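Inspection log for the structure reproduced underneath, given as structure tokens.
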Amino acid sequence: MAALSKSIPHNCYEIGHTWHPSCRVSFLQVTWGALEESLKIYAPLYLIAAILRKRKLDYYLYKLLPEILQSASFLTANGALYITFFCTLRKILGKFYSWTPGFGAALPASYMAILIERKSRRGLLTIYMANLVLLFCITAAMYMFFFRCKDGLKGFTFSALRFIVGKEEIPTHSYSPEAAYAKVEQKREKQEEKPRRMHIISLVRKLVNLICKHGPRHRCCKHYEDNCISYCIKGFIRMFSVGYLIQCCLRIPSAFRHLFTKPSRLLSLFYNKENFQLGAFLGSFVSIYKGTSCFLRWIRNLDDELHAIIAGFLAGISMMFYKSTTISMYLASKLVETMYFKGIEAGKVPYFPHADTIIYSISTAICFQAAVMEVQTLRPSYWKFLLRLTKGRFAVMNRKALDVFGTGASKHFQGFVPRLDPRYTVVKPELPIEFS
């Protein structure tokens, strides 16, 4: 309580927008920077999602741009409203308390911002200090279990998983094994009639078929065209290629920005560590899941939805190739949301109106409080995201003045003192250290 009651007389220029004394100008600068970065984030994200979902031309003409702008506006509003309430609270209270620069300003800002976003995308934010790989393993296990269950998943989540792991892992199909075999034979006859072009894809396919030509396939497995070994290898190659291409597409804007100044940077578009990491993550996830599922069918001599829990958990280890807090937390939050609504449908969980909005607001406010007062407790990836969204302005707060609250706010900013104009300050500014 002593820390909560402590206060400092500094104004919002001295603590927050130290780069410019005007609240209005600072607001415009933060808003413009956040909008620019938000568009860079959501434009390729929505475009790739539309391609994967095989959207029709009408979607690209009439819905794609509005959806991008809506999500970009939500993220922009989060930053713009934060600095708005940051300055407003200081003017109302006349001073800063330990909770006002972070939690106090971020709570109303986050609540108002999330209302802009589409309700279907209002994911629940969870604790950021959880173990990343373990959390993803548990999340993957539950997702794959619901994927295997009848009416377990619907909409985009089901479509995305069907694209990643293939329809062979769905427990029920509209065709019989005999019909499937007949389709395979017809496909082979047609392929024999057509001349095959010798390109890279066909060579890789031939090599895989040669290696796995005489491999086994259990009677419960539904991948009728391949044996179990070929099934896993092809799954890895397919999703590795998808991950590699996705990462290449995400790097295109930054690569072409240096087309004329540094042409050599274009090579990094194709030969980049992150490209192979995302490919390895997706490829290994699919191959481990499929391999474990086939193995369990061989061991137990049946196809069971419970296999998906074990296979999904083991496949989650693939996160070690591409450690992404964003992916792990988003999927975990969507899983909580899915389970919550299933509980409501079953009549076992009460329905709380706007629960996702409230939880998001509180969680984001806690993260902002940590970003202002205790940066060392934040995950590095989230801190980098905040710096990117604010064009680095989150790092130039006067955290040395916040050290009086006892949280070690300036611990990771040793030696930094903002250059403040004395004409606009309440407390005489400390002169920055000059290095020779």
Side-chain angles (χ1 to χ4, degrees), residues 27-85 105-126 153-160 163 246 249-250 252-254 324-327 329-338 340-341 352-365 367-368 381-382 384-391 393-394:
F27 165 79
L28 293 175
Q29 290 175 339
V30 169
T31 303
W32 178 254
L35 178 61
E36 183 181 344
E37 290 302 319
S38 299
L39 290 173
K40 288 180 182 179
I41 292 171
Y42 281 111
L45 182 66
Y46 273 78
L47 182 59
I48 292 171
I51 294 172
L52 292 178
R53 298 179 70 174
K54 299 179 181 179
R55 292 286 195 178
K56 295 182 179 179
L57 181 61
D58 287 348
Y59 174 81
Y60 292 95
L61 293 177
Y62 305 111
K63 292 185 179 181
L64 178 60
L65 183 59
E67 288 184 2
I68 292 174
L69 292 177
Q70 186 174 4
S71 292
S73 299
F74 144 69
L75 199 55
T76 302
N78 235 326
L81 291 172
Y82 170 72
I83 193 170
T84 300
F85 284 104
L107 183 63
S110 303
Y111 184 84
M112 294 175 67
I114 195 63
L115 295 177
I116 299 174
E117 181 61 287
R118 288 183 299 147
K119 190 168 180 61
S120 60
R121 287 186 51 83
R122 297 178 190 176
L124 304 176
L125 228 66
T126 53
L153 292 175
K154 299 176 182 178
F156 176 69
T157 306
F158 178 80
S159 301
F163 172 80
I246 288 175
C249 292
L250 292 176
I252 286 176
S254 60
S324 172
T325 303
T326 304
I327 294 175
M329 292 300 170
Y330 175 76
L331 292 177
S333 66
K334 294 300 291 183
L335 177 63
V336 172
E337 185 179 28
T338 300
Y340 172 66
F341 283 112
F352 297 100
H354 310 296
D356 52 352
T357 305
I358 295 171
I359 294 175
Y360 171 83
S361 305
I362 295 174
S363 302
T364 305
C367 290
F368 269 69
S381 58
Y382 188 71
K384 288 179 182 178
F385 168 72
L386 290 177
L387 291 179
R388 178 183 174 185
L389 192 64
T390 60
K391 298 288 185 180
R393 294 187 177 95
F394 222 120

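Since this is a predicted model, take the numbers as computed values, not measurements. All values below were derived from every heavy atom in this structure, side-chain atoms included, with hydrogens, water molecules and symmetry-related copies excluded. Numbers here simply count residues along the sequence, with the first being 1.
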Could you go through the side-chain contact (heavy atoms from CB on, under 4.5 Å) check for F368 and L386 one step at a time? CA-CA 9 Å; F368 269 69; L386 290 177; 4.0 Å; yes

Going by heavy atoms in the side chains, are L115 and Y111 under 4.5 Å from each other? yes

Would you please name every residue forming a salt bridge (Lys or Arg N to Asp or Glu O under 4.0 Å) with K391, sequence neighbours left out? E36, E37

L81 side, atom CG; T76 side, atom OG1 - distance, nearest 0.5 Å: 10.0 Å

Is it the case that the side chains of Q70 and Y46 hold a donor-acceptor pair, with the cut-off being a distance below 3.5 Å and no angle test? no

Could you pull out all residues at least two apart from Y60 that satisfy side chain to side chain donor-acceptor pair (under 3.5 Å)? none

To the nearest 0.5 Å, how far apart are CG in L45 and CD1 in I246? 10.0 Å

Taking only residues two or more places apart in sequence, or in another chain, which ones meet L39 in a side-chain contact (heavy atoms from CB on, under 4.5 Å)? L35, I68, L69, A72

Do I362 and S110 come within less than 4.5 Å of each other through their side chains, counting heavy atoms only? no

Test side-chain contact (heavy atoms from CB on, under 4.5 Å) applied to A80 - qualifying residues, sequence neighbours left out: F27, T31

I need the minimum non-hydrogen distance between Y59 and A50, along with the two atoms involved. CE2-CB, 3.5 Å

Quick check: closest heavy atoms across A105 and Y82, and the distance to 0.1 Å? CB-CE1, 3.7 Å

Identify the two heavy atoms, one from I114 and one from S361, that lie closest to each other, and give their separation to 0.1 Å. CG2-OG, 4.4 Å

Sequence neighbours excluded, the answer for side-chain contact (heavy atoms from CB on, under 4.5 Å) partners of T390 is R393, F394

Minimum heavy-atom separation for V30 to G79, with atom names? CG1-O, 3.8 Å

Shortest non-hydrogen separation from A113 to N78 and the atoms involved: CB-N, 3.7 Å

